[in-house]
Structures are given as structure tokens and as C-alpha cells.
Enquirer: 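My questions will all concern the structure given below.
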Amino acid sequence: MKYYVGNIDEHYGEFEVEQSILFTTTKDPEDILEEIAKDWYGQDEHNSDGLPEGMYWNDGMAYGAGRHHEVTKATYDELKDNWVFTEIYSEENEDA
């Protein structure tokens with residue numbers, strides 16, 4: 001299991017916001033972060049017309065997967081336990 005801090009990038013016209021999250025996986029972290037981003041607003045259909053690959057429209061703003069960084073389990077647990085970032089995806093929780 002590897003531990004990550006990842007970003008979901010949101011673009012509101014000229015403004016850009018990064019939402020930082022926690023996730024764990026044994027799979028490719030880019031694929032997992034892409035899945036998280038795609039489901040970020042819970043939409044069944046995604047409109048990417050005119051946007052770079054991996055970006056989606058949602059009511060006048062665009063969003064998609066940003067960067068991710070691997071961290072130690074101790075760092076991950078501290079960030080999670082102190083509510084610095086929210087854990088969005090964990091394969092450990094899927095197995096439980």
C-alpha cells in the first residue's frame with residue numbers, strides 16, 4: 001500500500017483552486033486520482049468539449065486531476081487524524 005496527497009484542480013475563469021485530498025492505493029496513483037477527479041461532483045455524464053484530456057465542465061467551471069505526491073504512512077496518518085486533508089479513497093477500506 002502506498003500513501004498519497006493529491007490535488008483536484010478547479011478552474012473558475014481566470015481563478016484556479018487546488019483541493020488537496022488523501023488517498024491510498026497499490027494501483028497506479030494517476031489512474032486512481034483520475035477516477036476521483038471524474039467523480040468529484042458526482043455527475044453521471046461528463047462534458048469535456050474544448051478542454052484538455054482529463055478535464056471536465058461543471059456549470060461554468062472546469063475540474064480535473066492535478067498533481068500527487070507519495071508520503072509516508074506516518075505523515076498520511078497525521079494529516080488524516082488531524083483533519084488537515086480528507087481521505088477520499090482507500091483500498092484498505094474497500095477490503096473491510
Side-chain angles (χ1 to χ4, degrees):
M1 184 69 59
K2 292 189 178 180
Y3 303 85
Y4 299 92
V5 173
N7 292 327
I8 303 299
D9 294 337
E10 297 182 350
H11 301 254
Y12 304 87
E14 295 179 18
F15 299 100
E16 297 181 15
V17 177
E18 291 182 346
Q19 304 288 341
S20 296
I21 60 166
L22 298 171
F23 67 100
T24 67
T25 188
T26 57
K27 302 174 186 172
D28 183 343
E30 289 185 24
D31 291 343
I32 298 302
L33 189 56
E34 183 64 34
E35 285 180 35
I36 293 168
K38 192 172 186 178
D39 294 337
W40 193 243
Y41 285 100
Q43 297 179 340
D44 292 332
E45 295 184 26
H46 295 86
N47 178 359
S48 298
D49 190 32
L51 294 173
E53 183 177 343
M55 294 293 288
Y56 307 99
W57 286 113
N58 180 27
D59 197 27
M61 54 90 64
Y63 62 98
R67 297 176 296 176
H68 65 279
H69 303 282
E70 187 175 353
V71 296
T72 65
K73 181 175 183 346
T75 298
Y76 186 94
D77 288 342
E78 185 166 340
L79 293 170
K80 179 181 164 187
D81 293 345
N82 289 303
W83 295 84
V84 175
F85 301 127
T86 301
E87 182 180 60
I88 298 294
Y89 176 89
S90 174
E91 287 177 8
E92 290 177 329
N93 293 339
E94 285 186 349
D95 296 336

Enquirer: To the nearest 0.5 Å, what is the distance between CZ (F85) and CD (Q19)?
Expert: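 F85 CZ to Q19 CD: 10.5 Å, rounded to 0.5 Å.
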Enquirer: Working to the nearest 0.5 Å, report the span between CD1 of I36 and CD1 of I8.
Expert: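 Reported value, rounded in 0.5 Å steps: 6.0 Å.
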Enquirer: Give, for atom CG of D9 and atom OH of Y63, the distance between the pair rounded to the nearest 0.5 Å.
Expert: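 If I round to the nearest 0.5 Å, the distance is 13.0 Å.
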Enquirer: Is it the case that over 12 heavy atoms from other parts of the model lie below 6.0 angstrom from the CD atom of Q43?
Expert: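 Enclosed.
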Enquirer: Does any non-hydrogen side-chain atom of E18 lie less than 4.5 Å from one of R67?
Expert: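 They are in contact (side-chain heavy atoms under 4.5 Å apart), so the answer is yes.
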Enquirer: What distance separates H68 NE2 from K2 NZ, expressed to the nearest 0.5 Å?
Expert: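 These two atoms lie 9.5 Å from each other.
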Enquirer: Taking all non-hydrogen atoms of both residues into account, name the closest pair between L33 and N7 and its distance.
Expert: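 So the two residues come closest at CD2-O, 3.9 Å.
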Enquirer: Should M55 and M61 be counted in the same cluster of Ile, Leu, Val, Met, Phe, Trp and Tyr side chains packed under 4.5 Å apart?
Expert: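 Hydrophobic grouping puts M55 apart from M61.
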Enquirer: Can a side-chain donor-acceptor contact be found between E91 and T25 if the only test is distance below 3.5 angstrom?
Expert: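 Yes.
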Enquirer: Is there a path of hydrophobic side-chain contacts, each under 4.5 Å between heavy atoms, that joins W40 and L51?
Expert: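 No; tracing contacts between hydrophobic side chains, which count when under 4.5 Å, never links both residues.
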Enquirer: If the plane angle is over 60° it's perpendicular, under 30° parallel, otherwise tilted; pick one for F23 and Y4.
Expert: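 Rings of F23 and Y4: parallel, as their planes differ by under 30°.
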Enquirer: State, with a plain yes or no, whether a side-chain heavy atom of T75 is found less than 4.5 Å away from one of Y3.
Expert: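 Of all side-chain heavy-atom pairs linking Y3 with T75, none is under 4.5 Å.
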Enquirer: Just by distance, do the side chain of D28 and the backbone of E30 share a donor-acceptor pair under 3.5 Å?
Expert: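 Such a contact is found between D28 side chain and E30 backbone.
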Enquirer: Quick check on E78: does its CD atom have over 12 non-hydrogen neighbours (other residues, nucleotides or ligands) under 6.0 Å away?
Expert: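 12 or below, so no.
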Enquirer: Can you find a pair of side-chain heavy atoms, one from V5 and one from L22, that are under 4.5 Å apart?
Expert: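 A side-chain contact exists here, since the closest heavy-atom pair is under 4.5 Å.
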